[in-house]
Amino acid sequence: MAARTYTTRRKMIVASIVTKLKTINGLGSFLTDLANNVEPRLKFWDEVDDFPAIHCNAGTETREYHGGGVKTRFLTVTLRCYVKAEDSTDALDRLIEDVETVIEGNSRLSYVDNQGALQFTQDITVRSIETDEGVLEPLGVGEILLEVRY
């Protein structure tokens, strides 16, 4: 079988993001300890038992064609963040800040594609952040949309 020039890399990119988010351990500059509670699939708040937690999901993927066989892919990744605390708004803000720190420090993220080759994202950008603003207290739910360019 011949190696493909372009293959979808959605699953591998999400797995690499999950690995990086698992480094949020409450030490050093991190404000939250996730205790490795990061999963590569979305759950809704009523399914979450362990807090804090982050669940990731690959979404829409678009392409930009540049000519000469060159194309750029844009992948939307949703990070759903869950906390349970007396002040859930503050706890969620700290977790989101930790997530932003990890994403900004890893915008050129390495991952392995379906063919086993080492690849890198061109950029990862935070596109939006939404929270429940304390409505579900003592639970807190936030959603971060990332755009991964590769």
- Applying side chain to side chain contact (heavy atoms under 4.5 Å, CB included), run through Val48 and Lys84 and close with a yes or a no. CA-CA 10 Å; Val48 179; Lys84 186 174 185 178; over 6 Å; no
side-chain contact (heavy atoms from CB on, under 4.5 Å) test vs Ile144 passes for just one of Ile103, Leu95, Thr131, Leu79, namely Leu79
Listing, residues 21-31 side-chain donor-acceptor contacts under 3.5 Å, not counting sequence neighbours, or none:
unit_1, atom_1, unit_2, atom_2, d
Thr23, OG1, Lys20, O, 2.6
Asn25, OD1, Leu27, N, 2.9

Measuring only between side-chain heavy atoms, which start at C-beta, is Thr32 closer than 4.5 Å to Pro52? yes
I'd like to know whether Phe74 forms a side chain to side chain contact (heavy atoms under 4.5 Å, CB included) with Thr60, so could you lay out the CA-CA distance, the side-chain angles of the two residues, the decisive distance to 0.1 Å, and finally the verdict.
CA-CA 8 Å; Phe74 298 89; Thr60 304; over 6 Å; no
query = Could you go step by step and tell me if Lys71 and Glu64 meet the salt bridge (charged side-chain N to carboxylate O under 4.0 Å, His left out) rule?
reply = CA-CA 5 Å; Lys71 58 183 144 182; Glu64 187 176 283; over 6 Å; no
- request: Evaluate the side-chain proximity of Ile96 to Leu92: yes if any heavy-atom separation is below 4.5 Å, no if none is.
  value: yes
Using a 6.0 Å cut-off, check whether atom CD of Glu47 has over 12 heavy atoms from anything other than its own residue.
yes
Item checked: Check against side chain to side chain contact (heavy atoms under 4.5 Å, CB included), Val148 and Ile17 -> CA-CA 10 Å; Val148 179; Ile17 290 171; 4.2 Å; yes
Notebook entry, point to check: Is the shortest heavy-atom distance from the side chain of Val77 to the side chain of Asn57 under 4.5 Å?
Noted result: no
Starting from the C-alpha separation in whole Å, work towards a yes-or-no answer on side chain to side chain contact (heavy atoms under 4.5 Å, CB included) for Glu147 and Thr76.
CA-CA 5 Å; Glu147 181 181 77; Thr76 301; 5.6 Å; no
Any chain of hydrophobic side-chain contacts (each under 4.5 Å) joining Val83 to Ile129?
yes
Nearest heavy-atom approach of Glu143 to Arg80 is OE1-NH2, 2.7 Å
Heavy-atom closest pair (Asp33 atom, Ala35 atom, distance to 0.1 Å) is OD1-N, 2.9 Å
If you look only at distance, which donor and acceptor atoms sit under 3.5 Å apart when one is on a side chain in residues 117-126 and the other is two or more places apart or in another chain?
unit_1, atom_1, unit_2, atom_2, d
Gln119, NE2, Asp113, OD2, 3.0
Thr121, OG1, Ser107, O, 2.8
Thr121, OG1, Leu109, N, 2.8
Gln122, OE1, Arg149, NE, 3.2
Asp123, OD2, Thr125, OG1, 3.1

Nearest heavy-atom approach of Thr72 to His66 is OG1-NE2, 2.7 Å
How about Arg9 and Tyr111: do any of their side-chain heavy atoms sit closer than 4.5 Å?
yes
Discussion item. Side-chain heavy atoms nearer than 4.5 Å, only ILVMFWY residues, links allowed to pass through others: does that put Tyr150 and Leu145 together?
Written reply: no
Looking only at heavy atoms, the pair that brings Val38 and Cys56 closest together is CG1-SG, 4.3 Å
Quick check: do Arg127 and Leu146 have side-chain heavy atoms less than 4.5 Å from each other?
no
(message) Could you check whether Asp90 pairs with Arg94 (Lys NZ or Arg NE/NH1/NH2 to Asp/Glu carboxylate O, under 4.0 Å)?
(response) yes
Between Gly134 and Ser88, the two heavy atoms sitting closest are CA-OG, 4.2 Å
